[in-house]
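The next block holds one structure in the form of C-alpha cells; read it before the comments.
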Amino acid sequence: MLGKYENFPVNVHFLKMCSSSLSSRQLQQKLVKTLKDLNRKTFCFEEITIPTIPNCEVIFEFGIAEGECFNFLDNQEVNRVLIMFKTGQVLLDFFCVIRYYRCDLQRKTALKFDYYLFRIVFTVKTAEFRVFHKQGPRYISPEELALMIIGSINKAAAKRVLDGNMQ
C-alpha cells in the first residue's frame, strides 16, 4: 500500500504533535511537495542545527513507503501520491537519508550517513510526527529532523500551517 511501511517500529525516538490550520488532505499535499523540494538540496550544517562537524554540507533524500520498500519522491511519485490522497489516507510513512560531506578547500569528503524512518498520522486539524533513527552517527537528532520538516512546510506556505506548541 502506497504511503504505509509494513515494518514501521512501535517504539520511536521522537514524537511531536502539531495543530494545523489546513485540512488533512491539504496538509498531506503540502508535506509531500515540500519533501520533494528538499530532495537533494544542499544545506550548510548551520542551516539545520548547531554543527557537530565544521565545514560540513548536508543533503536530504526522502522516499515514501510502499509496503516493504520506499520510492524516491520525484515528480512522478508525487503525482501518484496526490492521486492516492483522494482515498482519505490517514498516515504517511517516509524514509530519510541524511548525507554529510566535509568540505575542504580542494575536495569534498563523504562522512557516514544517517537513516531515519518517520510516520505522520493525520487527524482533524492535527498531525503527529513519529521519528525513528534507524542507523548512523546521529549528527542531526530525530527532534531536529522533525522540526526542520515542520519549519520547511511553514516556510513553503503563505502562512504558518503547523504549530508545534501543542501540549
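- Taking each heavy atom of Leu117 and Pro9 in turn, the nearest pair found is CD1-CD, 3.7 Å.
- In this structure, Phe129 and Phe14 have side chains that are not in contact, with every pair of non-hydrogen atoms separated by 4.5 Å or more.
- Between Asn7 and Glu68, the closest heavy-atom pair is ND2-OE1, 2.6 Å.
- At distances below 3.5 Å, at least one donor-acceptor pair connects side-chain atoms of Asn154 with backbone N or O atoms of Val161.
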Could you give me the CA-CA distance, side-chain angles and deciding distance for Phe43 and Phe60, then say whether ring pair (Phe, Tyr, Trp, His ring centres under 6.0 Å) is met? CA-CA 9 Å; Phe43 295 90; Phe60 294 90; 5.7 Å; yes
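- Cation-pi geometry between Lys108 and Tyr101 is satisfied (NZ or CZ under 6.0 Å from the ring centre, within 45° of the ring normal).
- Between Gln29 and Leu22 there is no side-chain heavy-atom pair separated by less than 4.5 Å.
- Remark: Met84 CE to Met1 CE distance equals 7.5 Å, nearest 0.5 Å.
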For Val131 and Lys16, run side chain to side chain contact (heavy atoms under 4.5 Å, CB included): C-alpha distance rounded to whole Å, both residues' side-chain angles, the deciding distance at 0.1 Å, then the answer. CA-CA 9 Å; Val131 184; Lys16 179 79 168 170; over 6 Å; no
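- The shortest non-hydrogen separation linking Thr123 to Ser24 is O-OG, 3.2 Å.
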Anything under 3.5 Å between a donor and an acceptor, one on a side chain of residues 46-54, the other on a protein residue two or more places apart or in another chain? List them.
| residue | atom | partner | partner atom | Å |
| --- | --- | --- | --- | --- |
| Glu47 | OE2 | Cys44 | N | 2.7 |
| Thr49 | OG1 | Glu144 | OE2 | 2.4 |

Start with the C-alpha gap between Leu38 and Leu73, add the side-chain angles, then the distance that decides, and say whether side chain to side chain contact (heavy atoms under 4.5 Å, CB included) holds. CA-CA 10 Å; Leu38 289 173; Leu73 271 176; over 6 Å; no
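- Hydrophobic clustering (ILVMFWY, side-chain heavy atoms < 4.5 Å, transitive): Ile120 and Leu2 are in one cluster.
- Taking a 6.0 Å sphere around CD of Gln76, one finds it holds 12 or fewer heavy atoms contributed by other residues, nucleotides or ligands.
- Under 4.0 Å is where a charged nitrogen must lie from a carboxylate oxygen, and between Asp93 and Arg119 at least one such pair does.
- If you run side chain to side chain contact (heavy atoms under 4.5 Å, CB included) between Leu35 and each of Ile149, Val78, Leu92, only Ile149 comes through.
- Cluster membership check: Phe122 does not share its hydrophobic cluster with Leu15, using side-chain heavy-atom separations under 4.5 Å among Ile, Leu, Val, Met, Phe, Trp and Tyr.
- Residues Phe72 and Tyr115 are members of separate hydrophobic clusters, defined by side-chain heavy-atom contacts under 4.5 angstrom among Ile, Leu, Val, Met, Phe, Trp and Tyr.
- In this structure, CZ on Phe70 lies 9.5 Å from CD1 on Ile64, to the nearest 0.5 angstrom.
- Distance CG/Leu111 to CD/Glu57: 11.0 Å, rounded to 0.5 Å.
- Taking 4.5 Å as the limit, some side-chain heavy atom of Arg80 sits within range of a side-chain heavy atom of Asn71.
- The two residues Tyr116 and Ser141 come nearest to each other via the heavy atoms OH-C, 3.3 Å.
- Within the model, atoms CD1 of Ile59 and CD1 of Ile98 stand 11.5 Å from one another, a figure rounded to the nearest 0.5 Å.
- In this structure, Asp74 and Glu77 approach most closely via the heavy-atom pair OD1-N, 2.9 Å.
- The aromatic rings of Phe94 and Phe118 lie parallel to each other, their planes meeting at an angle below 30°, with 60° marking the opposite boundary.
- Between the side chain of Asn55 and the main chain of Arg102, no donor-acceptor pair closer than 3.5 Å is present.
- Partners of Asn75 by side-chain contact (heavy atoms from CB on, under 4.5 Å), not counting sequence neighbours, listed by chain and number: Lys36.
- Under the 4.5 Å side-chain contact rule for hydrophobic residues, Tyr5 and Phe95 share a cluster.
- A distance of 8.0 Å separates NE2 in His133 from NE2 in His13, rounded to the nearest 0.5 Å.
- Side-chain atoms of Asp163 never come within 3.5 Å of backbone atoms of Ser19 as a donor-acceptor pair (strictly under, hydrogens ignored).
- Of all non-hydrogen atoms in Cys56 and Tyr100, the two that sit nearest each other are SG-CB, 4.0 Å.
- Hydrophobic clustering keeps Val12 apart from Ile150 (ILVMFWY residues linked when any side-chain heavy atoms are closer than 4.5 Å, directly or through intermediates).
- To the nearest 0.5 angstrom, Gln28 atom CD is 9.0 Å from Leu91 atom CG.
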